[in-house]
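Just so you know, residue 1 is the first one in the sequence shown, and it goes up from there.
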Amino acid sequence: MATKTSRVRTRTTVAASTKRAAGKTAAAATQVAGKARQAASAAAALTEKATQAGLSALGAAGDITGLVAEASRNTLAVNPLIGLNRRDVASAAAALLKAVARTPRRATTHVGRYVKELGQVVKGGSALAPDPKDRRFADAAWKNNALYARLMQAYLATQKELAHFIDKSELNKIEKGRAHFFASLITDALAPSNWVLGNPAAVRKIVDTGGDNLVTGLKNLIHDVRHNHMMPSMVDATPFKVGETIATSPGQVVLRHEMFELLQFTPTTPQVHARPLVMSPPQVNKYYAIDLTPDKSLVKWATDSGIQLFVVSWRNPTIEHRHWGLDDYVRALDVAVDATCQITGSHDVNMWGTCSGGMTLAAYLAWLAATGKPKVVNTTWAVCVLNTEAAIEDSTLGLFNSPATIRAAKARSRRKGFVDGAEMASMFAWLRPNDLIWNYWVNNYLLGNKPPAYDILAWNADTTRLPGQYHCDLLDMVEKNPYVNAGALEVLGVPIDMAQIKLGAYVIAGITDHITPWRACYGTARLFGPKTMFVLVNAGHLQSMINPPGSPKAFYFASPAATDDPMTWAEGAQPTRQEGSWWPHWREWIQSKSGELKTAPTKLGSRKHRPLASAPGTYVMER
């Protein structure tokens, strides 16, 4: 009799908990929509971090086919150049409601299945279990405590049945994508792990600290409301000082232009290769992702390889620079290349383009080819998509991509004059809320912990702005796909055609990169011909580039891009798998393309371009 009474009490408690959680749906939906509206004018958020869970899955994968499948499950970003606004969120909600309205009988069937599953949850007979990679339910209490186990299973049942209903609905592909997007916003927000009493780790900490964690968490919340655009802080950046603890590779500013500073880094070998390397980093981030600490510095790796390295450090634009556009950035690269040639005595250079910096580099190369100026011989492309249509097809980038949304994004940029980096970060976070919002919500507010002190996250938080005109030019590229469609774009008054470019190319992509999907990056390799070396790394957007030797789980595939279809390439590339970092592979490639060795210079700059300041320079310090 006592056992039966206990079961009844348990059922009653779980049912009440489920009812209370469901009652929070409307308020959470309003909060989510409000946060999404704050991201309305966001632009390119071309920086990303692959989660440790994803990397663990990759390490366990047996072949590249499994890795590709895992990557497709982690490809979730919508268009960061266009951004989200209230109409986008409303259209996503409307898609979900449309599915219900079109097939009410089917919706009723799913509700019945859902209620039946909840009955099994209350009885303790449900077999629902979280994905082993889902860190929200890693605590042992989610398995061992009957109440928490049922609470988790009720949530999983909601998530599963809603997703299944959308998949089986009569919506078209775009509508289904939008419905899934809106459903994930709501279900992610309502996860029991996001609420104080629904999170066993938070409850234990309340007991252990006498509630001090909630007091500290409230202080953290107030700080973020006042100083972090009402978003949970992702990083404790206080230990990281640019030029002191990060971005410390020795070098000099050898040219200060209105739009950039040109950094020349000090050689670390007795001899250097004659042909220098000029890097074009993204305009949406500061350059020093490639120079965080000596152990993971691409700058140090390049100079230790005997490469004469020059890096463009873009200026952080303000409202007075709203007119800077693609033509201006192309002129700026040309100035940087000419200065590099003058300083080194070389007739030409190799170049490196990362992400949106690669899009600018491509325009520059096409302009050089059209005007008959052979200044660049070889190129490296890191996580860079030049075929924008392929990027849209390979992910959910096309969910809110339409002529109307592009026009609206352009109008916002012209009206404001620039796109703010904090807005880009906010928008991007709401596209991946579990990793970039709720994870830190729990850590900072429920547990009362400080956010982690991590150099990559500190760099990511050091945001920049995009000039309004350049943002509009990027949106034009999304619409016109000019690097595939010859003549669709003019650069400095000259129609461009990528087919005219004849040079060596080395392209790097990340298997779990959801910002620049690897198959779209493969399209970049194909633009430069079948001899282009394509390297596929088991990492996400940033980690595929910052990939120093030493990681026990790192591996990559490297093979010429000799076939049109990326999946055919993937099948053929399986035997090329190499354990460890791709950096040594690139070192051999770039050394073979950099000319003869000569004595390293003892002084940086030249008579014409005298050193102006020590690296990392002054523009990188501007906020």
Using modelled atom types and a 3.5 Å cut-off, is there a donor and acceptor pairing between side-chain atoms of [X] and backbone atoms of [Y]?
X      : Y      : result
Asn285 : Trp459 : no
Ser413 : His471 : no
Arg150 : Ala146 : yes
Thr568 : Asp564 : no
Gln153 : Ala129 : no
Asn220 : Asn444 : yes
Asp455 : Leu292 : no
Ser126 : Val121 : no
Trp569 : Ser559 : yes
Thr216 : Asn213 : no

Quiz item: Has Leu197 got more than 12 heavy atoms of other residues, nucleotides or ligands less than 6.0 Å from its CG?
Solution: no
Exercise. Kindly assign one of parallel, tilted or perpendicular to the pair Tyr522 and Phe534, based on the angle between their ring planes and the thresholds 30° and 60°.
Key: perpendicular
Going by atom types only, do [X] and [Y] share a side-chain donor-acceptor pair under 3.5 Å?
X      : Y      : value
Asp513 : Thr516 : yes
Lys205 : Asn449 : yes
Asp565 : Thr563 : no

Quiz prompt | All salt bridge (Lys or Arg N to Asp or Glu O under 4.0 Å) counterparts of Asp212, not counting sequence neighbours | solution = none
Between [X] and [Y], which heavy-atom pair has the shortest distance, and what is it?
X      : Y      : result
Asp139 : Ala141 : OD1-N, 2.8 Å
Ala570 : Trp518 : CB-CH2, 4.0 Å
Tyr556 : Val537 : CB-CA, 4.2 Å

Self-check item: Cationic N near anionic O, under 4.0 Å, Arg577 to Glu579
Solution: yes
Quiz item: Does a side-chain N-to-carboxylate-O contact under 4.0 Å join Lys410 and Glu479?
Solution: yes
Exercise. Return the set of residues passing side-chain hydrogen bond (donor to acceptor under 3.5 Å, both in side chains) with Tyr445 (not counting sequence neighbours), or none when no residue passes.
Key: Asp224
Quiz item: Taking the side chain as C-beta and beyond, is there a heavy-atom pair between Asn194 and Val442 under 4.5 Å?
Solution: yes
Quiz prompt | Distance in Å, Ile508 CD1 paired with Met545 CE, rounded so as to fall on 0.5 Å steps | solution = 9.0 Å
Self-check item: Atom pair CG (Asn387) and CZ (Arg519), whose distance is rounded to the nearest 0.5 Å
Solution: 13.0 Å
Quiz prompt | Qualifying residues under side-chain contact (heavy atoms from CB on, under 4.5 Å), relative to Asp131, sequence neighbours excluded | solution = Lys133, Asp134
